[in-house]
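A short worksheet on the structure shown next.
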Amino acid sequence: MPSNCLEEIWVIFKGGCSTQAGDEMSSECLPEPCNKVQNDDSKEEEDNQTGVVPLSPVCDAIGVKTAEDGLMKVQMEEKPSADDTMRCIKVASKKKRQGRGSDASCTFRYCKCLPKMCFHQASKRGQHVKEPRGSGPFFYFGGANGAEIVSAYCEKRGWKRIFNKHREDFKLKWCETKSPRTYLNFREGKQLVYQIPNNKVLTTKIGLLSSLREYERVSSKVNHGRALRKLKMKEFIPTTFRMDVKEERESFFAQQEGMNNNYSEMWICKPTGLNQGRGIFLLRSAEDVAALKLKLQHKGELHGNKKMLHRQPQAYVVQHYIQQPLLLRGKKFDVRSYLLIACTSPYMVFFRHGYVRLTCDHYDPKSHNLSAHLTNQYMQKKNPLYSLVKEDTVWSMESFNAYVNERFQIADDLPRDWVLGPFTRCMQQIMTQCFLAVKPKLDRKLGFFDLIGCDFMVDQDFKVWLLEMNCNPALQVNCEVLKEVIPNTIAETLDLTLEIFNKCRLRQQILPLACQRDFVLLYNGLHSSESNNTENGHKFIKKKEEDKKREARL
């Protein structure tokens, strides 16, 4: 089949086969048909690992079913002809036009006539997977991020891994990507599920921004007494504008009207729902701002088109770029720390140190290479020198502390061990405030837990900035520091979560925690009268505001 035809097919069905949102397949993925069924765990909502796979009338070359003994069988037939291929494509296209998108997607993804690009994540387990039976306990892992670490932990406890996502007899379900099916048959107080269903109020750029703004607005009207001073957003969040809100969008562009090409202020534009640096770009000049304005106008026009109403345009935020960051050996860096919500009923929230991420190249604010501005490993891997210097791109917190003591303590009049002292306390205060901002919003059921990656930056004045919070943080261990940090973080995450979960079920006293090691307790939902009083005050003010709005409508 000609490669140009295959590329056209890919465009038509693009949504059904990418490993991550925003990924694109290259022509290198196109050559021959594959002899394996796709097992794209990283896209949880589209995974069809077990059960009967929907097939079109002409796509009967492959079948997947679970036999009575739990053995998954995959049957393949001979390579199809070009006519068979085109016939399958026409059937899938027709279904898609008729609004039967899911059927069309299944036809596309499981048809033997389609190229290797659709099956590029075939199961590493081969064509046969034995589904364990018996009394368990069982755990399910959907995805690839941290699969080996979580599986090793569970298997060490004697748990057995299941691969059928529809089974309801699991003790733990850890899914990389959320979908309604993940929570459909969840039994509160009997099972553990990773990721709180609506954690986007904390882990998306717009969700966090909106939550913090609302919290600050309501908190300003509450008398906190002698409670710990609340931080103002401007003290830890760079100035940010939402491009999906007309008033903020117009305010930003009005502010930039007098900007010329020699203007030194820079902004960074980020899509709210993506990670790994995808879709991010810098605004350095009046031309860049004008281009963004035109782009957003075009997206608005497309969204106004009746044919495009079903497609939500990507929402962006524009944030002030910190042009004078603190540098480590001349390189830009940020700090990844962890926020663990080990239990939501009652809330038990913890902090843990992570590691420092540095760029491969020396920092140059004028550089047009995005990897010089973004520190995450996904971006740094694009550097041709990454394989040679990757160990230098990740530091432990102890190394960071030692470097600051040596280079900055005397020169900048810092207290000794600034990293492990004031800096750590500042991160903890910011993370606690972010949690309190979303505390009334999160779905609360005994069994929900979440591990969130929090990214901080330090400027040359040693001011600490929160960049973002990420659900399902990267759990790769491709360098020595990560081999130490990540497995220990996951092990203690599950230890704490299980201990608290079991104590709640048995109505036992939760504290002290026998397995607590490196995690620090930030919020104890059992004994938080100050926070409860604040929350009650928030509810009272919110109710008054809602009553006023209701009266105004009447």
Side-chain angles (χ1 to χ4, degrees), residues 15-26 28-29 34 36-50 64 72 74 109-110 116-129 131 138-156 159-167 170 172-179 181-182 192-195 199 203 273-278 336 338 354 376-382 386 390 394 449-453 470-479 482-483 485-491 493-494:
C17 301
S18 66
T19 57
Q20 298 182 28
D23 287 352
E24 293 186 5
M25 302 296 297
S26 67
E28 296 174 354
C29 300
C34 179
K36 295 180 182 179
V37 173
Q38 181 189 28
N39 178 16
D40 190 354
D41 283 328
S42 66
K43 205 166 180 65
E44 166 71 13
E45 65 275 11
E46 295 176 358
D47 185 13
N48 281 286
Q49 263 185 297
T50 57
V64 182
M72 185 185 292
V74 180
R109 294 171 65 235
Y110 293 98
K116 186 176 181 178
M117 64 179 182
C118 301
F119 310 118
H120 64 282
Q121 278 209 321
S123 173
K124 294 180 181 179
R125 299 184 296 276
Q127 294 184 349
H128 301 282
V129 177
E131 277 288 314
F138 303 114
F139 73 96
Y140 173 85
F141 192 101
N145 182 34
E148 292 182 2
I149 300 172
V150 174
S151 296
Y153 174 92
C154 294
E155 288 166 359
K156 188 176 180 179
W159 297 10
K160 302 170 186 176
R161 181 173 180 178
I162 59 176
F163 302 97
N164 182 349
K165 63 164 38 178
H166 301 292
R167 284 179 59 168
F170 62 87
L172 167 68
K173 179 176 279 192
W174 185 301
C175 291
E176 186 172 326
T177 307
K178 301 191 301 294
S179 78
R181 288 185 304 205
T182 303
L192 288 165
V193 173
Y194 174 63
Q195 292 200 64
N199 62 11
T203 61
L274 301 181
N275 56 14
Q276 298 181 330
R278 295 193 300 269
R336 163 60 59 87
Y338 295 102
N376 65 67
Q377 289 286 293
Y378 180 82
M379 293 299 299
Q380 298 311 308
K381 287 177 182 178
K382 296 180 180 181
Y386 176 76
K390 70 175 183 178
V394 181
F449 72 103
D450 224 326
L451 181 67
I452 295 166
N470 301 277
C471 63
N472 191 41
L475 301 177
Q476 286 79 26
V477 288
N478 60 340
C479 65
L482 297 181
K483 289 176 183 176
V485 173
I486 301 298
N488 289 334
T489 299
I490 294 301
T493 290
L494 290 170

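Sequence positions, counted from 1, serve as the residue numbers for this chain.
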The test is side chain to side chain contact (heavy atoms under 4.5 Å, CB included); show your working for T182 and K165 and say whether it passes.
CA-CA 8 Å; T182 303; K165 63 164 38 178; over 6 Å; no
Below 6.0 angstrom between ring centroids: does that apply to F449 and Y194?
yes
Decide yes or no on salt bridge (charged side-chain N to carboxylate O under 4.0 Å, His left out) for R167 and E131, but give the supporting numbers first.
CA-CA 10 Å; R167 284 179 59 168; E131 277 288 314; 2.9 Å; yes
State whether the side chain of E176 and the backbone N or O of N472 hold a donor-acceptor pair below 3.5 Å, judged by distance alone.
no
At their closest point, which heavy atom of [X] faces which heavy atom of [Y], and how far apart are they?
{"X": "I149", "Y": "P487", "value": "CG2-CA, 4.0 Å"}
{"X": "C154", "Y": "L172", "value": "SG-CD2, 3.7 Å"}
{"X": "P473", "Y": "Y338", "value": "CG-CE2, 4.2 Å"}
{"X": "I486", "Y": "L475", "value": "CG2-O, 3.6 Å"}
{"X": "A147", "Y": "G143", "value": "CB-O, 4.1 Å"}
{"X": "T177", "Y": "Q195", "value": "N-NE2, 4.4 Å"}

Quick one: list whatever passes side-chain contact (heavy atoms from CB on, under 4.5 Å) with T203, sequence neighbours left out.
N199, I452, C471
Point-to-point distance, once rounded to the nearest 0.5 Å, from CZ of R181 to SG of C175
9.5 Å
Rounding to 0.5 Å, atoms NZ (K483) and CG (N488) come to a distance of 14.0 Å
Cation-pi geometry met for K173 and Y140 (6.0 Å, 45°):
yes
Could you walk me through whether V193 and F170 pass the side chain to side chain contact (heavy atoms under 4.5 Å, CB included) test, one step at a time?
CA-CA 10 Å; V193 173; F170 62 87; 4.2 Å; yes
Worked verdict on V394 versus N478 for side chain to side chain contact (heavy atoms under 4.5 Å, CB included)
CA-CA 10 Å; V394 181; N478 60 340; 5.9 Å; no
Is any side-chain heavy atom of L451 closer than 4.5 Å to one of T489?
yes
Which label fits F141 and W174: parallel for a plane angle under 30°, tilted from 30 to 60°, or perpendicular past 60°?
parallel
Output, in order, the C-alpha distance, side-chain angles, deciding distance and verdict of side chain to side chain contact (heavy atoms under 4.5 Å, CB included) for N470 and R336.
CA-CA 10 Å; N470 301 277; R336 163 60 59 87; 3.4 Å; yes
